Asker: 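This structure is in structure tokens; I'll ask about it shortly.
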Amino acid sequence: MASYNALNSNNRNPSPYGSGDPYYNESSGFITPHPAPKRRVSPWIKFGVPVLVIVIIAAVVGGVVGSRHSSSRAASNGSGGSSGDSAAAASSAASAKLALGRFATATNSEFEVPLYPSTTNAAFTTPTFIPTTNAKVSWPKDPFTPASPSVLSVRPDRPRLIAPAYKWEALPTLIANDPYLQGWNDTIFGNATAYYSLPPVVYHMDGSSGILDNAREIKMRLKAFAYVYRMTNDTKWVDRAWTEIQNAANNGSTPFVGDDPNDIWNTGHFLDTAEFSAAFGIAYDWLYDVWSDDQKSQIRTTMIKYGLQPGLAVFTGPTSYGWWSNDIEGNWNCVCNGGLTMGSLAILGDDTTGVAQQLLGHTVDNAKQNCVLAVSSDGTWSETANYWYFGTTGHAEMTASLISATGSDYGMLSTNPNFGLTGDFHMYAYGPTSLFNYGDHGPNKFSTTANSMMFYAEQFKQPMYMLHQRDRPDAAEPWSMFWYDPTVSGAFWDGTPLDHFFDNQTDQWASMRSSWTDQDAVFVAIKAGTLQGHQTHNDLDCGDFVLDALGTRWAGELGSGDYLSPNYFSNDTQISDRWKYYRKMTEGQNTILINKSNQNVLAKPTVKHDSSQTAQGASTVFNVPSDSTAYWVADLSSAYFDNAQVKRGVRLLNARKQILLQDEINSPDEVQWRMHTNATVNIDSSGTSATLTLDGQTMIVQILNPPPGASFSKSDAVRFPTDPPPPAPDQPNPGVTVLIIDLPAGQYTLEVLFNPQWPGMSSSDFVTPPNVPLDSWSLTSHN
């Protein structure tokens, strides 16, 4: 099967060093001279991974972890018992962690999903924070506690951003007593060593995507160099950081400039400007004590001219590039306000121009009006599961910097009362192989990680978020060293329901699985929701689903189109050119297509669902109860034209070993059921059974009670010849097959049963479910 990665499908190498970069893996997008040991890489990645280009991956990843926020279940914070009991418990937990080490010992995919060993002996159980005064296993309290915090009044000591001096002083002892901090620290040192020997980042204008890759890579490097200096006092890291700073200021040995030498940070794509501002702010603050006065002056001058002054113009404007400040509830607002805030806080008091002070009078309020509202009432990020990374990183960096520098978050954590639920969204979007990676994936991540989970775990008292994230290789970067609470204990899966339903009308999606820790588990995620209001990063995809089983993704997503394609981000109206690209149109999704036409962008589906509320215990070995099930049903009729009526339901059967996808359709036009897969597809002579083989595994897909004329067919993942031409050619989708069921106009029920061929399971062990109308589905309707 041809290798395929949507991140690289834009026909450009995302590494600024081209194919000669010794640390760039072109198939995965990772910068990784220390790749994690891998199980087989499932071919689902050919669908287009939003690859986590973040850090060099340690040879061992992961750990035991967990916690959960729920309106029906308060988080455990370990507050019970006497202080002596708590201290003993904390000491015991620390000893257990050191003895056990990091629990997840490998990873199996380019999404770096941890592999958990099968064991019935859980070292940790209920997710919790164990209070203690033991300095070896807990952070000291911050001595900076202003009675009346002000965004213009900063702590008297340095650093100010993310990690004040008291945390740096405590860190070596904590590293010595925590295997996660030990491993991450080693990886950061390895990263810095690798970056040290590379030439400075080369300026590369990536069309309308600007120089964002450059900005984020420089930010990633400066964080690593500054961290290692502060841990070693070796000034070679300061010198290397200065070389990178000089380069990004266009004062290096090679030009770092585009068409306008007065706009080298590319304000036209303001994300670039903001990330450079954050990078320079971090370097200025974390290395403050070793910069000369002249170096500080140069850093301030560069940051003000190319970053903060253009940022101030956004709020005092008008400008042509400040659109992100006006009703943009997504990653742009979070990243832009975050970078400007970090840069301003870093130089506040040293800046004689007043720009930093003026900016801080705008960014926090603007972020509270926009950025914080990107989290829906159910915790879902407004754009996509991948843009969650960018948005929450910007939000967490900004908020953490405000807290550390000034002593308050100023409502960044409380203005949206549902913001604390977004950790649930991230956790449930992950299956055994990868994310429910609908919509656009975004650019390379570089310094963008999921470590906001650790910050939110602490701020919202949800230890499960921290435990979930510490298993992931992108945890190994400087922010986690200070956002991680070593008193956290437990397994994130202990007591965590297997199913979760997200009901905000903008989102409407479901996550159902058979285990949190079995790499071969069943995972089904499916969505409805509106088709507007996602910052033009969504697809026309009501009813779209992904399906994992046997360690393989059988139904997958094609991912992003080419961001440089004409009018790709033009708008989300019905006639938008965006919907002419195969990966964005309804035709390119795993859903029902009517009259070979796109869905209605004004769709407002309704959903219903239920679950047996099955939750996993402390063990990684979980036997699903025979009556365990979940289902989700959506009325998708509003997504179709000509008064077509469409309902779609999915449920787990037979102790979650089989999956039923059922559609009820009444259409005046021809209908097509579509599913994209990397599997080899063989259709039997009757046309009602398809055998899918992939990665040494087998899935049998059957049409039950087929309507007249219903049979499987297959095609390549290409547009119909009769489709309106897109403004630019589609990306190819090599190795992707579309499994199809064609039906004429009419009224019928279409039942498709997915039977993963589990080892040791005979044909008689599979069930054939009864035919039950979707309106009559219940937890017991298919018994």
Side-chain angles (χ1 to χ4, degrees), residues 1-12 14 27-29 41-51 109-111 383-387 429 431 433-443 509 524-527 531 534 536-548 552-565 568-569 576-593 596 598-599 672-681 692 694 714-720 723 726-740:
M1 182 177 296
S3 176
Y4 170 60
N5 184 305
L7 182 63
N8 293 340
S9 66
N10 298 338
N11 298 317
R12 60 190 193 274
S27 68
S28 71
V41 177
S42 300
W44 60 261
I45 60 176
K46 312 305 189 296
F47 281 124
V49 180
V51 194
S109 71
E110 291 187 40
F111 269 99
E383 294 161 295
T384 69
N386 269 286
Y387 272 93
T433 72
S434 65
L435 283 170
F436 182 20
N437 49 329
Y438 56 86
D440 287 338
H441 294 161
W509 70 283
V524 177
I526 189 167
K527 69 182 297 292
L531 299 177
H534 304 281
T536 323
H537 281 305
N538 61 298
D539 304 334
L540 297 184
D541 60 355
C542 287
D544 185 43
F545 72 100
V546 295
L547 171 60
D548 292 355
T552 295
R553 176 146 290 185
W554 299 97
E557 298 283 347
L558 293 175
S560 302
D562 186 345
Y563 279 22
L564 305 186
S565 294
Y568 184 81
F569 293 116
S576 173
D577 280 346
R578 178 178 176 85
W579 313 132
K580 296 178 182 178
Y581 292 105
Y582 182 82
R583 295 188 186 178
K584 303 295 103 183
M585 61 201 312
T586 305
E587 191 176 326
Q589 317 307 317
N590 301 326
T591 191
I592 297 295
L593 187 68
K596 296 183 178 179
N598 277 330
Q599 291 178 340
Q672 193 172 85
W673 182 102
R674 295 172 66 85
M675 185 189 93
H676 293 74
T677 182
N678 283 128
T680 298
V681 178
L692 279 55
L694 180 60
K714 61 182 179 179
S715 76
D716 294 332
V718 295
R719 65 178 49 246
F720 298 127
D723 287 340
D730 286 314
Q731 282 88 351
N733 299 309
V736 180
T737 297
V738 187
L739 184 62
I740 295 170

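Keep in mind it's a predicted model, so treat the numbers as computed, not measured.
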Asker: Check for a donor-acceptor pair, side chain of Thr677 on one end and backbone N or O of Ala679 on the other, with a separation under 3.5 Å.
Answerer: yes
Asker: Looking only at heavy atoms, what is the nearest atom pair of Leu547 and Val524, with distance?
Answerer: CD1-CG2, 3.5 Å
Asker: Which heavy-atom pair separates Phe545 from Ala555 by the least distance, and what is that distance?
Answerer: CE1-CB, 3.6 Å
Asker: Just to verify, which of Leu540, Asp541, Leu558 counts as forming a side chain to side chain contact (heavy atoms under 4.5 Å, CB included) with Gln589?
Answerer: Asp541
Asker: Measure the spacing between NZ of Lys527 and CG of Asn590 and express it to the nearest 0.5 Å.
Answerer: 12.0 Å
Asker: Quick one: OG1 on Thr586 to CZ on Arg674, what's the gap to the nearest 0.5 Å?
Answerer: 10.0 Å
Asker: So how far is it from Asn538 CG to Thr536 OG1, rounded to the nearest 0.5 Å?
Answerer: 7.0 Å
Asker: Return the orientation label for the Tyr387 and His537 ring planes: parallel under 30°, perpendicular over 60°, tilted otherwise.
Answerer: parallel
Asker: Check Phe436 against Ala385 and note the closest heavy-atom contact, atom names and distance.
Answerer: O-CB, 3.7 Å
Asker: Taking the side chain as every heavy atom from C-beta outward, state whether Ile592 and Gln672 have any pair of such atoms under 4.5 Å apart.
Answerer: no
Asker: Could you pull out the closest heavy-atom pair between Asn733 and Ala717, with the gap in Å?
Answerer: ND2-O, 3.1 Å
Asker: Start with the C-alpha distance between Glu587 and Lys596, add both sets of side-chain angles, then the distance that settles side chain to side chain contact (heavy atoms under 4.5 Å, CB included), and finish with yes or no.
Answerer: CA-CA 7 Å; Glu587 191 176 326; Lys596 296 183 178 179; 5.7 Å; no
Asker: Does any part of the side chain of Tyr438, heavy atoms only, come nearer than 4.5 Å to the side chain of Thr384, both counted from C-beta?
Answerer: yes
Asker: Apply side chain to side chain contact (heavy atoms under 4.5 Å, CB included) to the pair Cys542 and Thr591, showing each step before the final yes or no.
Answerer: CA-CA 7 Å; Cys542 287; Thr591 191; 5.7 Å; no
Asker: To the nearest 0.5 angstrom, please state how far the CD atom of Glu557 sits from the CG atom of Asn437.
Answerer: 5.5 Å
Asker: Just by modelled atom types, is the Arg719 backbone N or O under 3.5 Å from a matching donor or acceptor in the Asp730 side chain?
Answerer: no
Asker: If we only count heavy atoms from C-beta on, is the Ser560 to Tyr568 side-chain gap below 4.5 Å?
Answerer: yes
Asker: Please lay out, stage by stage, how Asp723 and Lys580 fare under the test salt bridge (Lys or Arg N to Asp or Glu O under 4.0 Å).
Answerer: CA-CA 8 Å; Asp723 287 340; Lys580 296 178 182 178; over 6 Å; no
Asker: Measure the spacing between CG of Asp544 and CG of Asp539 and express it to the nearest 0.5 Å.
Answerer: 7.5 Å
Asker: Taking atom OH of Tyr582 and atom CD of Gln731, what is their separation to the nearest 0.5 Å?
Answerer: 12.5 Å
Asker: Report the C-alpha distance between Asn386 and Leu435 in whole Å, list the side-chain angles of each, state the deciding distance to 0.1 Å, and finish with yes or no for side chain to side chain contact (heavy atoms under 4.5 Å, CB included).
Answerer: CA-CA 8 Å; Asn386 269 286; Leu435 283 170; 3.7 Å; yes
Asker: Using the test salt bridge (charged side-chain N to carboxylate O under 4.0 Å, His left out), find all partners of Asp440 that sit at least two apart in sequence or belong to another chain.
Answerer: Arg578, Lys584
Asker: Assess whether side chain to side chain contact (heavy atoms under 4.5 Å, CB included) is satisfied between Asn678 and Val736, documenting all intermediate values.
Answerer: CA-CA 5 Å; Asn678 283 128; Val736 180; 3.7 Å; yes
Asker: Does the separation of the ring centres of Tyr563 and Phe569 fall below 6.0 angstrom?
Answerer: yes
Asker: Answer yes or no: is there a side-chain heavy-atom contact under 4.5 Å between Val546 and Arg553?
Answerer: yes
